[in-house]
Protein chains: 2
Amino acid sequence: MSGTGAARAQDCGDLLADNGEFVREILDRVGDKWSLLVIGNLRDGPRRYSELMQIVPGISQRMLTVTLRLLGEDGLLRREAYAEVPPRVEYSLTPLGESLLETASALVRWAGDHQVEIRAHRENTGG
Amino acid sequence: MSGTGAARAQDCGDLLADNGEFVREILDRVGDKWSLLVIGNLRDGPRRYSELMQIVPGISQRMLTVTLRLLGEDGLLRREAYAEVPPRVEYSLTPLGESLLETASALVRWAGDHQVEIRAHRENTGG
DNA sequence: CCGAATCCATTTGGATACTG
DNA sequence: CAGTATCCAAATGGATTCGG
């Protein structure tokens, strides 16, 4: 989390304000429908494909496959295939994936702290 | 940011893992194409509709209107209309919106710190 | 058991024209 | 200036089918 220090707090404001492409690129990956759920379910260690299908509520085979492939391409998780019968494939977080999990948790914490406030305001305005 | 302490770190993991609907609800709002950009551009104070159109690169009238309305319904920003000629409308962050800006900045900071790493891995795997 | 491929419905978002 | 309305293209995602 301490990272390289390449981006300070002020820079973050600038990025949010000025650099649309950059913010979008990370949010598109992290904020899509399933990525964060999959990452969250790998927090305790490796999981098999079929396990994830059961744990992540409502995900389809297609989206699980696609999500796993994209996260793998970004280096957020690792895929380990065992040449057995029946075949077995395990997915686990890389250090990079774990660091994202921590950061993303802050956003979830924020949502938890302000959930009531948001819902209340939404009702008032007919949302 | 210290919040109510209602959700501790462990709970966040649980939320990411178990509660799909809840995580989705906040990420759908925050992680869409424009919300965070608009919020970022309100960090220095009130902005007018036409200002935002110019500052946020590539946003259309429609999406700016929609985004502003949704963020307003959630209580993240405030809309102030002045009965003048020509008409003038100003948008500014609420305390709730400011707190989100801080939290979201952490995610942007993470993206900045690991941008190179992610890109490199993406190239290797043909992403 | 793992996952790719195809088809299809829904959603998202841009371009344009128009109103108070 | 600050929106609204309509139409349309692209992306997203689910159901199903098939292969290794």
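We name chains A, B, ... by the order of the sequence lines, and we start the count at 1 in each one. These numbers come from a predicted model, not from an experiment.
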Against the side chain of A/Pro87, the closest entry in C/dC1, D/dC1, C/dG13 is C/dC1
Check whether any side-chain nitrogen or oxygen of A/Lys33 sits under 4.0 Å from OP1 or OP2 of D/dG14, and answer yes or no.
-> yes
Worked verdict on A/Glu102 versus B/Trp110 for side chain to side chain contact (heavy atoms under 4.5 Å, CB included) = CA-CA 10 Å; A/Glu102 286 183 39; B/Trp110 179 89; over 6 Å; no
Among A/Leu68, A/Leu64, A/Ile59, find the one that has a side-chain contact (heavy atoms from CB on, under 4.5 Å) with A/Trp34.
-> A/Ile59
Whole-Å distance, A/Met63 CE to C/dA5 P, equals 15 Å
Send over the distance from A/Leu68 CG to C/dC1 P, rounded to a whole Å.
-> 17 Å
To the nearest Å, how far apart are B/Leu64 CG and D/dG3 C1'?
-> 10 Å
Is A/Tyr91 touching bases, backbone alone, or none of the nucleic acid, heavy atoms closer than 4.0 Å?
-> sugar-phosphate
To the nearest 0.5 Å, how far apart are OG1 in A/Thr94 and CG in A/Leu100?
-> 9.0 Å
Looking at CD of A/Glu73 and CG of A/Leu70, how far apart are the two atoms once the value is rounded to the nearest 0.5 Å?
-> 5.5 Å
Please give, in whole Å, the distance from C/dC1 P to A/Tyr49 OH?
-> 12 Å
Do the side-chain N or O atoms of A/Arg48 get closer than 4.0 angstrom to the phosphate oxygens (OP1, OP2) of C/dC2?
-> yes
Tell me what A/Arg69 touches on the nucleic acid: a base, only sugar-phosphate, or nothing, going by heavy atoms under 4.0 Å.
-> sugar-phosphate
Between C1' of D/dT12 and CZ of A/Arg29, the distance in whole Å = 14 Å
From CD of B/Gln61 across to P of C/dA15 the rounded distance in Å is 11 Å
Expressed in angstrom and rounded to an integer, what is the separation of A/Trp34 atom CH2 from D/dA11 atom P?
-> 21 Å
For D/dC1, take OP1 and OP2 only and decide whether either is under 4.0 Å from a side-chain N or O of B/Ser50.
-> no
Give one of base, sugar-phosphate or nothing for A/Thr65, where a contact means two heavy atoms less than 4.0 Å apart.
-> sugar-phosphate
Given DNA chain C, 5'-ward residue of the pair A/Val66 and B/Gly58, judged by closest heavy atom = A/Val66
Indicate yes or no: at least one non-hydrogen side-chain atom of A/Ile39 is less than 4.5 angstrom from one of A/Leu71.
-> yes
